[in-house]
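Worksheet: one structure, shown below.
Given the structure is predicted, the values throughout are model-derived calculations rather than measurements. Here is the naming used below: chain letters follow the sequence lines, and residue numbers restart at 1 for every chain.
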There are 2 protein chains.
Amino acid sequence: MNAALQGIADAGHATHAHTGAWVAAQLRQRISDGLLPPGTKLSEQTLSEALGVSRNTLREAFTVLAGESVVQRIPNRGVFVAAPGADDVREIYRVRRLIEPAAVLWGDVPAGALDAMDVIVDKARAARAEGSVAGMADANQELHKALVSLSGSASLDALMEKVLAEMRLVFHAMATTPDFHGHYVERNAALVAQIRNGQREEAAAELRRYLDGAEHELLIHIGAIP
Amino acid sequence: MNAALQGIADAGHATHAHTGAWVAAQLRQRISDGLLPPGTKLSEQTLSEALGVSRNTLREAFTVLAGESVVQRIPNRGVFVAAPGADDVREIYRVRRLIEPAAVLWGDVPAGALDAMDVIVDKARAARAEGSVAGMADANQELHKALVSLSGSASLDALMEKVLAEMRLVFHAMATTPDFHGHYVERNAALVAQIRNGQREEAAAELRRYLDGAEHELLIHIGAIP
DNA sequence: GTAAGCAAGATTGTTGAACAATCTTGGCGT
DNA sequence: ACGCCAAGATTGTTCAACAATCTTGCTTAC
């Protein structure tokens, strides 16, 4: 049995409203944390035994995760943890480059939203100070999620969440994880300041340049651009 | 058996790669066409017999459709065709008001895209000339889908498709279906002309006003605004 | 007469087993 | 080394069963 699956069965086992949804959540977490790296095959028999659920219920969870593109289903071959490639990275940034600046430009900023973003920026600075790449990555994702949430739309929040989950898969697929985020800590801070000053258009334009650069850097690192 | 289900079993029955996906497609179609109106209960036993599939496979289809918000699942109560309310309408327009103008503003316009839009506008005019409300509604949805596709993003296309499907449910839920779209035919045409002229910012701003008005009109009609 | 409470029936949630279809693996022969 | 074929393993789908929950209709008390 895969070591990453050990102990899943022990975690809170009270009767769950929807067992299928619970199984999906467990797998989503394990995948997001990198315990189940991209490309890993998720065997029905192994997993159903490890999780203590029937194959049917597990397949329901697979259907949920496949709908979220967390997992790829190949007919008669099985289910694999999604392994995003260069095209997926480009698609991720197409989405981000559209909804993030749009939320900055047209979203309304509720009281406290900017303060919350400042807290996130401080968290990123603290992580940088102690050299925590993971901490910076988390803070970065948190900030960009907060930007999209200016839209006030749950659907866009969900789309952004899906996109960021795919970003985590991209990072997990990389052999070495250099510090992409260090460069962006202060750029994020400047962005928040611009929004606070009401310079929406400038912030949106800057954010688009920012995302262009980030995409380019990432594509170079995964070898899609020489 | 519900009359809307008659004949489903007869439609092309060759072995399907994924029966669950096929069942989901059948139901999605029936719901989108209004044969299964919002609020309809989808009984597992009835449907599994009508479609000639097992309850397990049907439940897999339900999981897919629930993930698309086409259907609402209430634990131990069953599955119902989604019945969007005023809040859902507001959410729909939050999304549209963000991604449509953003695609107009920042998308790149591939050769032929504008001509394709002109064709759609002509289709809308023809539908209006012969008084076909359904024809105008279809053309309208097609045009706005084309606007979002300027983004070049499959994810945003999918989100727009989901949103428009929800819009159809809203219309199906209305007792009377007045002509919302007649007013917008020429406004759509003007929008395409602005894009053709390179007046992106003006087009985006106009589109936002347009969507504001449409949301307001719809909310009034469903009685959410006095 | 109405409302609360309860029992019987129906529906959903989950499991286990079974079988067909397809894929993978290993050995075989050329 | 290469292709081919049979055996085993895995997935796709169905069926049957049972527990948990909901619905319905009846009874009973006030």
*B:Leu42 CG to C:dG13 P: how many Å, rounded?*
13 Å
*Stepwise side chain to side chain contact (heavy atoms under 4.5 Å, CB included) test for A:Leu143 and A:Met117*: CA-CA 6 Å; A:Leu143 183 78; A:Met117 289 186 195; 3.9 Å; yes
_Rounding to an integer number of Å, can you tell me how far B:Leu58 CG sits from D:dT14 C1'?_
13 Å
_Tell me the interatomic distance from B:Glu49, atom CD, to C:dA10, atom P, rounded to whole angstroms._
14 Å
*Touch check for A:Val79, heavy atoms < 4.0 angstrom, all strands: base, sugar-phosphate only, or nothing?*
nothing
*Atom-to-atom span, CZ of A:Phe62 to P of D:dT13 - whole angstrom*: 15 Å
*Would you check if the side chain of A:Arg208 reaches a backbone N or O of A:Arg97 as a donor-acceptor pair within less than 3.5 Å?*
yes
*Hey, which sits more toward the 5' end of DNA chain C by its nearest nucleotide, A:Val53 or A:Arg77?*
A:Val53
*asked:* In this structure, how many angstroms lie between the C1' atom of C:dG13 and the CZ atom of B:Arg73, rounded?
replied: 9 Å
*Heavy-atom count around A:His183 NE2 within 6.0 Å, excluding the residue itself: above 12?*
yes
*In whole angstrom, give the distance that lies between atom CG of A:Asn76 and atom C1' of D:dT13.*
11 Å
*asked:* D:dT14, OP1 or OP2 - any side-chain N/O from B:Thr57 closer than 4.0 Å?
replied: yes
_Nearest to side-chain heavy atoms of A:Glu44, which nucleotide of D:dG12, C:dG13, D:dT10_ = D:dG12
_A:Thr19 vs C:dT14: side-chain N/O to OP1/OP2 distance below 4.0 Å_ = yes
_What is the separation between atom CZ on B:Arg55 and atom C1' on C:dT14, rounded to the nearest whole Å?_
9 Å
*Answer yes or no: does atom CD of B:Glu161 have more than 12 heavy-atom neighbours from other residues, nucleotides or ligands under 6.0 Å?*
yes
*Figure out the CG/P separation between A:Asn56 and C:dG13, and round it to whole Å.*
14 Å
